[in-house]
A.B. asks: 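Below are the structure tokens for one structure; questions will follow.
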Amino acid sequence: MPASSQSNFLYGAAVRTPALITDHPYQELVARYCDLVVPEGELKWASIQAKRGVFNFDKADAVVDFAKRHGIGVRGHTLAWYAALPAWTKDMASRQEAERVLEQHIRTVVGRYAGTIRSWDVVNEPFPDDPRSSHDLRKSVWLEQIGREYIPLAFRIAHETDPAARLFINEYDIAFAGSRFKSKRDALLGLVRELVNNKVPIHGVGIQAHINADRQIDSVGLQEFLHAISSLGLEVIVTELDVIDFSLPADIQLRDALVAAKAYEFLDVVCGVAAPPAVLTWGITDKYTWVPIYFTRADKLPNRPLPFDRNMRPKPLYSVIEYFRYRGRR
Ligand code: 9MR
């Protein structure tokens, strides 16, 4: 990870197979700019254990092998999530069975990559939108079968399997102004406090940061949240940064400038308070992004949420990331 000693944080991105195998300019871009990668889907349950009890690591291994060849670190995403689950998980019929299945999965996956994947999103998106409290968890097979104990259980098994791995809880909608976003921050903070008080092995909070360009960032609310997390002795990392340009003007120069300005506003708060050891974008080039799945623009122009354009050229968003990465260093 070449940049780490001279930079404020590691920069990384979510990557995909098969592009990582077939698209040479994409390979070069990732190899040149990333200190870290995280497989965008290749470590999710649906990919790893599509058939009950049968583990398939081919796609995840392709990402890990690429990273190893290029001296890049790998994050893992994700072990306990409500989504991207294979259909068979709906057939689990008791708490005991669900605990056994969760435990076997985590032991197998974390164990396989112990020493290689040094940081995991153990629990992903535990809250619904606008939660009423830290006890108002998002519906999932895990909650339904195990109850809220699925969260400490997942952390404990991951920690037992690889005691050196850094373990995170990862959530979205943390940065915005408005009551439903404050509810999310409060609920997450309440849950994290409870985990820390109960000596659950959690090391940090992942702020996803899928930033809707038309939403306001609550700088003060975000600062308070970050201070509270830091004062619990936990790390904060930015795990899934991108700027959703759904409602921005068509003009590319203007749009790229507004995307960059929005990310600046967000990173200025986060880097000012929390000194995140890593910032990852959810993808690196506009060529490969999840954003059009939900946020196709009315004018049908391609989305531009990421630091490099579809021809792998850097955009103003990349300059913003570089600015915070090297601020005060050169
Ligand atoms: O970007 C991912 C997309 O390609 C997948 O289809 C989807 C379902 O597995 O997940 C997307 O990634 C999500 C991530 O895992 C969790 N936070 C929100 C991300 C964007 O939807």
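Only heavy atoms go into these numbers, but all of them, side chains included; no hydrogens, no water, no symmetry mates. All residue numbers refer to positions in the sequence shown, counting from 1. Note that ligands are numbered from 1 as they come in the structure, with each ligand's atoms numbered from 1 the same way.
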A.B. asks: I'd like to know if Arg95 pairs up with Glu99 as an ion pair, taking the criterion as any Lys NZ or Arg NE/NH1/NH2 lying under 4.0 Å from an Asp or Glu carboxylate oxygen.
C.D. replies: yes

A.B. asks: Using a 4.0 Å heavy-atom cut-off, say whether Tyr172 meets ligand 1 through its side chain, its backbone, both or neither.
C.D. replies: neither

A.B. asks: Which residue supplies the protein heavy atom nearest to atom 8 (C) of ligand 1, what is that atom called, and how far is it?
C.D. replies: Lys44 NZ, 3.8 Å

A.B. asks: Going by an N to O cut-off under 4.0 Å, is there a salt bridge joining Arg215 and Asp173?
C.D. replies: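 Yes, this pair counts.
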
A.B. asks: Looking at every heavy atom in both Leu306 and Leu241, which two are closest together, and how far apart are they?
C.D. replies: CD2-O, 4.2 Å

A.B. asks: Any atoms of ligand 1 less than 4.0 Å from a non-hydrogen atom of Ala84? List them with their elements.
C.D. replies: 9 (O)

A.B. asks: Going by the order shown, which atoms of ligand 1 are within less than 4.0 Å of some heavy atom of Glu240?
C.D. replies: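 Counting from 1, the qualifying ligand atoms are 14 (C), 16 (C), 17 (N), 18 (C), 19 (C).
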
A.B. asks: Before accepting this row, confirm whether a basic side-chain N of the pair Asp256/Arg304 lies closer than 4.0 Å to the acidic partner's carboxylate O.
C.D. replies: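 Looking at Asp256 and Arg304, the cut-off is met.
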
A.B. asks: Taking only residues two or more places apart in sequence, or in another chain, which ones meet Asp162 in a side-chain hydrogen bond (donor to acceptor under 3.5 Å, both in side chains)?
C.D. replies: none

A.B. asks: Asp245: which residues meet the side-chain hydrogen bond (donor to acceptor under 3.5 Å, both in side chains) condition with it, sequence neighbours left out?
C.D. replies: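 With neighbours one apart ignored, the set is Arg255, Asn303.
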
A.B. asks: Would you mind checking which non-hydrogen protein atom is closest to atom 21 (O) of ligand 1, with the distance to 0.1 Å?
C.D. replies: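 Nearest neighbour among protein heavy atoms for atom 21 (O) of ligand 1, to 0.1 Å: Trp290 CE3, 3.3 Å.
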
A.B. asks: Could you check atom 13 (C) of ligand 1 against the protein and tell me its nearest heavy-atom contact, residue, atom and distance included?
C.D. replies: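 Nearest protein contact, heavy atoms only, for atom 13 (C) of ligand 1 is Trp282 NE1, 3.9 Å.
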
A.B. asks: For atom 14 (C) of ligand 1, what's the nearest protein heavy atom and its distance?
C.D. replies: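 Protein heavy atom with the smallest distance to atom 14 (C) of ligand 1: His77 NE2, 3.5 Å.
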
A.B. asks: As an exercise, identify every atom of ligand 1 less than 4.0 angstrom from a heavy atom of Asn124.
C.D. replies: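 Going through ligand 1 atom by atom, the ones under 4.0 Å from Asn124 are 16 (C).
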
A.B. asks: State plainly whether the residues Glu322 and Arg325 are in salt-bridge range, i.e. N to O under 4.0 Å.
C.D. replies: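 A salt bridge is present here (some side-chain N lies under 4.0 Å from a carboxylate O).
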
A.B. asks: Please list the nearest protein heavy atom to atom 16 (C) of ligand 1 with its residue and the distance rounded to 0.1 Å.
C.D. replies: Glu125 OE2, 3.2 Å

A.B. asks: Provide, to 0.1 Å, the distance between atom 2 (C) of ligand 1 and the closest protein heavy atom, together with that atom's residue and name.
C.D. replies: Glu40 OE2, 3.4 Å

A.B. asks: Tell me: protein heavy atom nearest atom 6 (O) of ligand 1, and distance?
C.D. replies: Ile293 CD1, 4.3 Å

A.B. asks: Kindly confirm or rule out a cation-pi arrangement of Arg75 over Phe168, judged by NZ or CZ under 6.0 Å from the six-membered ring centre and within 45° of its axis?
C.D. replies: yes

